[in-house]
Amino acid sequence: GPATVVGGVRVEHYRFGNSGSAQIGTALVPLEVKSTKTDFFPSLNARISLADDLVLRVAGQRGISRPAYGAIRVGSSINDTASPGTIGGGNPALKPEYTWGADASLEWYIPGGGIASVAGFHRWVDNVFYGNTQRVDSPVFNSGGVDRSGYLLSSTFNGDKGKLYGVEFNLQQQFTFLPSPLDGFGFQGNLTLLGGTFDTAVVNGLQQTGIPFPGRSKTIYNASLYYEKYGLSARVSYQWRDDWLDSLGGFGAGESRKAYGNLDVSVRYKINENFTVFADAANLTNEHYIAYEGDPNRISEVEQIGSRYMFGLRFNF
């Protein structure tokens with residue numbers, strides 16, 4: 001009938017060996033961490049055709065996000081002379097993030113190859129990743145009879161539980177209803193509204209609660225006007241995102257990034273089957289990327305990359 005339901009479970013057995021050296025003064029001390037884990041990831045997906053041009057999708061799943069290798073590297077720099085001692089580097093004790101998720105979307109397929117859709121999601125997250133400076137609380141960096149479990153490590157850590165949710169509106173349509181050659185124009189855009197917070201781990205009896213997810217902007221939107229015809233492919237795109245938290249920075253206010261938008265232009269022209277000329281222009285708004293500590297008026301970093309241009313000729317044979 002009009003409904004299709006697919007369910008299953010993925011089983012992963014994960015073995016990880018992590019070795020490197022810690023620099024203590026001028027000496028390099030070898031360190032190694034090993035771990036083994038078996039995980040189960042069930043999922044259920046349903047597709048329901050409400051009409052010939054209207055589709056409802058519903059899904060539920062368990063997922064995993066393992067830390068990047070840079071975040072769990074054993075290589076580090078240890079200062080035994082500070083009080084307490086300090087460590088800069090990766091966090092080999094970092095655990096993966098686990099999520100339970102639910103998704104739903106409604107898709108309307110517009111005549112002419114277009115689509116308008118709205119989608120929502122919710123994620124329940126365990127072991128949330130966040131950047132911080134806090135006590136190691138682990139024997140990972142111990143060597144030479146020195147207990148470093150109370151040292152301050154600046155790295156990525158696991159928080160407690162969190163929740164992340166949002167809704168996305170999407171529209172894509174080629175203007176086939178216009179007379180030639182204007183029927184090569186089209187539009188693609190989406191708007192995403194996000195929410196969600198997490199709680200940090202308990203450190204020295206203290207815990208921060210209701211912290212925004214690092215990297216999460218409340219509002220993100222993208223819009224592109226394009227032209228595709230006669231071997232010409234041209235696109236003007238604008239992307240914008242709201243302020244977001246970058247790192248907690250200990251138990252202070254943390255470092256956030258200010259909102260910014262980028263305007264990009266891309267042009268391709270296919271001369272024949274073998275040759276294509278292209279030109280790209282990025283960041284035409286010449287944005288300043290600004291970080292601040294707690295209050296937007298407390299600027300901690302200003303970065304300006306500038307506009308970038310690239311053009312050339314591509315060929316194949």
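Note that the coordinates shown come from a computational prediction; the quantities given were computed from them, not determined experimentally. For this chain, numbers begin at 1 and follow the sequence in order.
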Quick one: closest heavy-atom pair of [X] and [Y], and the distance?
X: Thr156; Y: Leu94; value: O-CD1, 3.4 Å
X: Asn286; Y: Ser307; value: OD1-N, 3.8 Å
X: Arg57; Y: Tyr109; value: NH2-OH, 3.6 Å

Are [X] and [Y] ion-paired here, with the side-chain N under 4.0 Å from a carboxylate O?
X: Asp280; Y: Arg268; value: yes
X: Asp242; Y: Arg216; value: no
X: Arg257; Y: Asp246; value: yes
X: Asp80; Y: Arg148; value: yes

Taking [atom1] in [X] as the centre, count heavy atoms belonging to other residues, nucleotides or ligands within less than 6.0 Å. Is the count above 12?
X: Trp240; atom1: CH2; result: yes
X: Glu12; atom1: CD; result: yes
X: Phe311; atom1: CZ; result: no
X: Lys258; atom1: NZ; result: yes
X: Asp52; atom1: CG; result: no
X: Lys229; atom1: NZ; result: yes

Mind running side-chain contact (heavy atoms from CB on, under 4.5 Å) on Leu171 and Ile110 for me, showing each step along the way? CA-CA 10 Å; Leu171 175 63; Ile110 307 171; 4.1 Å; yes

For the pair Arg47 and Val55, evaluate side-chain contact (heavy atoms from CB on, under 4.5 Å) and give the outcome as yes or no after the intermediate values. CA-CA 7 Å; Arg47 181 189 185 279; Val55 174; 3.5 Å; yes

Knowing that exactly one of Asp147, Val146, Ile78 qualifies, which makes a side-chain contact (heavy atoms from CB on, under 4.5 Å) with Phe141? Ile78

Do Asn274 side-chain atoms and Asn316 backbone N/O form a donor-acceptor pair below 3.5 Å?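 Yes: the side chain of Asn274 pairs with the backbone of Asn316.
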
Please assess Arg123 against Gln61 for the test side-chain contact (heavy atoms from CB on, under 4.5 Å), listing each intermediate value before the final yes or no. CA-CA 10 Å; Arg123 297 287 185 272; Gln61 69 282 321; 3.4 Å; yes

Set out, in order, the CA-CA distance, both residues' side-chain angles and the distance that settles salt bridge (Lys or Arg N to Asp or Glu O under 4.0 Å) for Asp126 and Lys161, then state yes or no. CA-CA 5 Å; Asp126 291 324; Lys161 298 182 182 299; 3.0 Å; yes

Between Phe185, Tyr269, Phe187, which is the residue that forms a ring-ring contact (aromatic ring centres under 6.0 Å, His included) with Tyr227?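 Among the candidates, only Phe185 passes.
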
Check: Phe198 ring centre within less than 6.0 Å of Tyr130 ring centre: yes

Evaluate Tyr289 against Glu287 for side chain to side chain donor-acceptor pair (under 3.5 Å), listing each step before the verdict. CA-CA 6 Å; Tyr289 305 101; Glu287 284 292 324; over 6 Å; no

Just say parallel, tilted or perpendicular for the rings of Tyr221 and Tyr238, cut-offs at 30° and 60°. tilted

Aromatic rings Phe315 and Phe275: how do their planes relate, parallel, tilted or perpendicular, breaks at 30° and 60°? tilted

Are Tyr260 and Arg241 close enough, and set up right, to give a side-chain contact (heavy atoms from CB on, under 4.5 Å), and what steps lead you there? CA-CA 6 Å; Tyr260 70 86; Arg241 64 179 299 181; 4.0 Å; yes

